[in-house]
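Given the structure is predicted, the values throughout are model-derived calculations rather than measurements. Below, chain A is the first sequence line, B the second, and so on; all start at residue 1.
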2 protein chains.
Amino acid sequence: MWAFVRKDPRKPVFAAKVATALGLITLLVFLREPTDIASHSVWAILTVVVVFEFSIGATLSKGLNRGLGTLTAGGLSLAVSEFSSHMGNYATVFLIICTFVVAFGATLTKLHPKMKPYEYGLRVFLLTFCYVTVSGYNTGKFTATAISRFLLIAIGAAVSLALNIGIHPIWAGEELHNLVAKNFAGVAKSLEGCVDGYLKCMEYERVPSSIVTYQASDDDHLYSGCRAAVESSAQEEALLGFAIWEPPHGPYKMMKYPWKNYTKVGGALRHCSFAVMALHGCILSEIQAPPESRNVFSAELHKVGKEGAKVLRELGHRVKTMTKLSSPNILSEVHFAAEELQKKIDQKSYLLVNTEKWEAMMRRQGGAAANGEHVPGRAIGNPYRGAVHKSNSFASSPFLSSFGSAPTKSDASFKPQPPWPPRQSSFHASLPFEAAAESRTYESASALSLATFASLLIEFVARLRSLVDAFEELSENADFKDPVEEPSAI
Amino acid sequence: MWAFVRKDPRKPVFAAKVATALGLITLLVFLREPTDIASHSVWAILTVVVVFEFSIGATLSKGLNRGLGTLTAGGLSLAVSEFSSHMGNYATVFLIICTFVVAFGATLTKLHPKMKPYEYGLRVFLLTFCYVTVSGYNTGKFTATAISRFLLIAIGAAVSLALNIGIHPIWAGEELHNLVAKNFAGVAKSLEGCVDGYLKCMEYERVPSSIVTYQASDDDHLYSGCRAAVESSAQEEALLGFAIWEPPHGPYKMMKYPWKNYTKVGGALRHCSFAVMALHGCILSEIQAPPESRNVFSAELHKVGKEGAKVLRELGHRVKTMTKLSSPNILSEVHFAAEELQKKIDQKSYLLVNTEKWEAMMRRQGGAAANGEHVPGRAIGNPYRGAVHKSNSFASSPFLSSFGSAPTKSDASFKPQPPWPPRQSSFHASLPFEAAAESRTYESASALSLATFASLLIEFVARLRSLVDAFEELSENADFKDPVEEPSAI
């Protein structure tokens, strides 16, 4: 309990505010001020307990809902009872039928998805209507009941609002702002963690069941950063619903502040974090690329991860401090890094696929092709069409051939090859052919998994574009500050 | 409004139930039965309006919260007022201080994340405590207030429960069950749509901003099926919170029914649907594989997509009908299809990478390697170590060479090559070197994007394992029916 209070000091402050408001109401009742408070004091207390919400937006929206619900219900029930007073003996039946009809209509409306923000108002409407109708019938003082009730609700609401806004207000808009900004850091940390973990060949001994069943898991920070961003979707929507009720305040001095744009930035970040989740999926995967080939791309992958995280942190910082981007090309470095990675992949692509099969196939089908037989599934329009293009294969590429203690001049000598490369015979000499074939398939898959990781990383970089666009839209609409020039620039 | 009612006929039924309950309470008040109902009728009405929730679980949990809150608050406030009656002049001050302390404690407790299910109870506790204290002080009849209030709440609760459970009950557990089962179909549809769309080279003219900012979008059914599964996480948790309150009923005849397992299955499905979202990301991506190479893998990709969707639908159907799996190897076909895909990739991997660069590099560095210079970033422990392994490259592979109207005997002839393959000169003859290099990078990326799609599809298949495990755990714990033997099997 103590740790929880320490973590968010706004909570005890809020609790103290509620306690003060209730104490104040109790005092008013004891002072009998206004005079009829004692008999209807429940309404003032009820209003405080129910309307006093954590954030100002929620308080205002509930208060307004409550006020509107009470007013309309009061009006309607007065009309109904006025009408029923002319009905003599049938008044009771009429009132019950009215109650039924109003309750049916209000409940059905409440269930409509579009009426969600007004749900509370409809509930209050129904409650007030029934109460005024019933108690008015008993005492015959419809108007008095409605008025004194409304008066006490107004007192309760006034005390709630004055205390909630007056003392240390907690704004839903600010919370939305902070939530969106915080998620940037979480995704950045996840991204870096995934890239580093991948390069360090981090592997899950056993994938935690909390991950495969998508439960919350605090242990795994690679995962939790992304999950938090994905999961905060509902919370952002809820905060947006409250924030739009809040008056301009603090740094959000603008009528119709574009809160919607914050959720859009949050959504674009979520779109990016799906790519990070896919990266994390590569770490979870059973099929893993060999550490050697990861090492080849290590520098480039690391660079992209670092630059990507830098962009995310920079954007998060800009959102937090509400400043515009200082230069339009915040993405240039990460794009450059991604291009470098792409070029490296381009150069070293022989590491990403299992090339053994080609040769076997080639040897098998060489004759067939020569006899004019066409291989099915050919790529129509391939620009290599008809090119008599022969050169050395991957195995004689400088990369691989440089391992021999006495490197061969690969370009110069063309010698006939043994039917299977040494790897097969040394690794799977004792295995039957089928097992060997499967093992080759596995090897090929494991090499491709590195290609997948790299592609997903590049896809992540591509998605940063829409995130920057969403941020720029926000910074325009919300009129963010221009960035302060760095002192070193002067 | 009419469409909304037609879509879910439970909603008007529920509205009618609420209306009936309120009508009944009104009738009781008019009959003045029990006698003190008139003056405290508000409590019965309030209870009905507040406690009558859509699902039985929610009603029971709210009712229990309300009951417990009222009882403990009543007890506490009686004790406090008993104590205050001995204090003479300081009674008022003492009561106000008590109110403050209780309000502070209750509000702070309410804000603790672990107390979320009891939030409502704490609210009622606070309300009752204040009300009984205040009105007891005014009238001096503490016990009478507390008792009559409790009696009326009990009446309201009894009417609510009787009507809500008695007439056409709506169970949160059933809704959870249906939600989880429904999401299977949505993900299956998304998966099939993604694979088919990818093979048809579907492209977004302009990616809808609702997707990049992760807003709901009804237009795009590829996307909405997955998004629904991802988004339903909060709803599943909420329904789980209600379902555990529900007594055994209908097909869920078991004490401590394992509702938690439904959310686990839902979570495992979500884990799968992240893979499908990543597949969808391949369609969104700007870098696209050429249609020709997609065609090569078309049959295999399609098969995996179809089998994967079949497994999802089968599992969804089993969840829906609560039957166990008929055979333990439901995954065998999709695994077989995935292996076929993997083998095909293995054979045709030259289509997935841009091999031009190898040759250029090779030629450039061939001499360097011969001089004993080691290329940085070499793969330590590569099994090709020292292998003098030279053969023909991709360009002379049967696949590509078969295009020439007069295919060359690729194996037989080794001729010196032109420095650049014909493709470059014909495509980018007029471009400067830099642009040509970039274009090659792009080509390589576009080929790899197909590998990524295939890998992600295989990753999806791998994730099905944990989904089947989660389902089997559920079917064990919830004691699902054994499958009925198909008539054809006899």
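- Minimum heavy-atom separation, A:Ala103 to B:Ala19: CB-CA, 3.5 Å.
- Ranked by heavy-atom pairs shorter than 4.5 Å toward chain A, the options B:Ser233, B:Ala278, B:Ala234, B:Ala470 are led by B:Ser233.
- In terms of heavy-atom pairs under 4.5 angstrom with chain B, the leader among A:Ala299, A:Ala106, A:Ser466 is A:Ser466.
- Here the closest heavy-atom approach between residue A:Val49 and residue B:Leu127 is recorded as CG2-CA, 4.1 Å.
- Counting heavy-atom pairs closer than 4.5 Å to chain A, the top-ranked of the candidates B:Leu269, B:Ile97, B:Thr26 is B:Thr26.
- The candidate from B:Val230, B:Thr99, B:Val101, B:Leu111 with the greatest count of non-hydrogen atom pairs under 4.5 Å with chain A is B:Leu111.
- In this structure, B:Thr107 and A:Phe14 approach most closely via the heavy-atom pair CG2-CE2, 3.5 Å.
- For A:Ser455 against B:Thr452, the heavy-atom pair with the smallest separation is OG-OG1, 2.7 Å.
- With contacts defined as side-chain heavy-atom distances shorter than 4.5 Å, the pair A:Ile25/B:Val134 does not qualify.
- Contact count versus chain B (heavy atoms, under 4.5 Å) is highest, among A:Asp8, A:Val102, A:Thr20, for A:Thr20.
- By the 4.5 Å heavy-atom criterion applied to side chains, A:Phe104 and B:Val18 are not counted as neighbours.
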Take B:Ile45 and A:Leu126, measure what side chain to side chain contact (heavy atoms under 4.5 Å, CB included) needs, and give me the verdict at the end. CA-CA 9 Å; B:Ile45 296 173; A:Leu126 187 54; over 6 Å; no

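- Within the 4.5 Å cutoff, the side chain of B:Leu22 has no heavy atoms near those of the A:Phe100 side chain.
- Chain A forms the most heavy-atom pairs under 4.5 Å with one residue out of B:Ala454, B:Gly267, B:Ala462, and that residue is B:Gly267.
- Here B:Lys110 contributes atom NZ and A:Lys11 contributes atom NZ; the two are 12.0 Å apart, rounded to the nearest 0.5 Å.
- In this structure, chain A has heavy atoms under 4.5 Å from both the backbone and the side chain of B:Arg123.
- Heavy-atom pairs under 4.5 Å with chain A peak, among B:Cys282, B:Cys130, B:Gly23, B:Pro113, at B:Cys130.
- Using a 4.5 Å cut-off between heavy atoms, B:Ser298 makes no contact with chain A at all.
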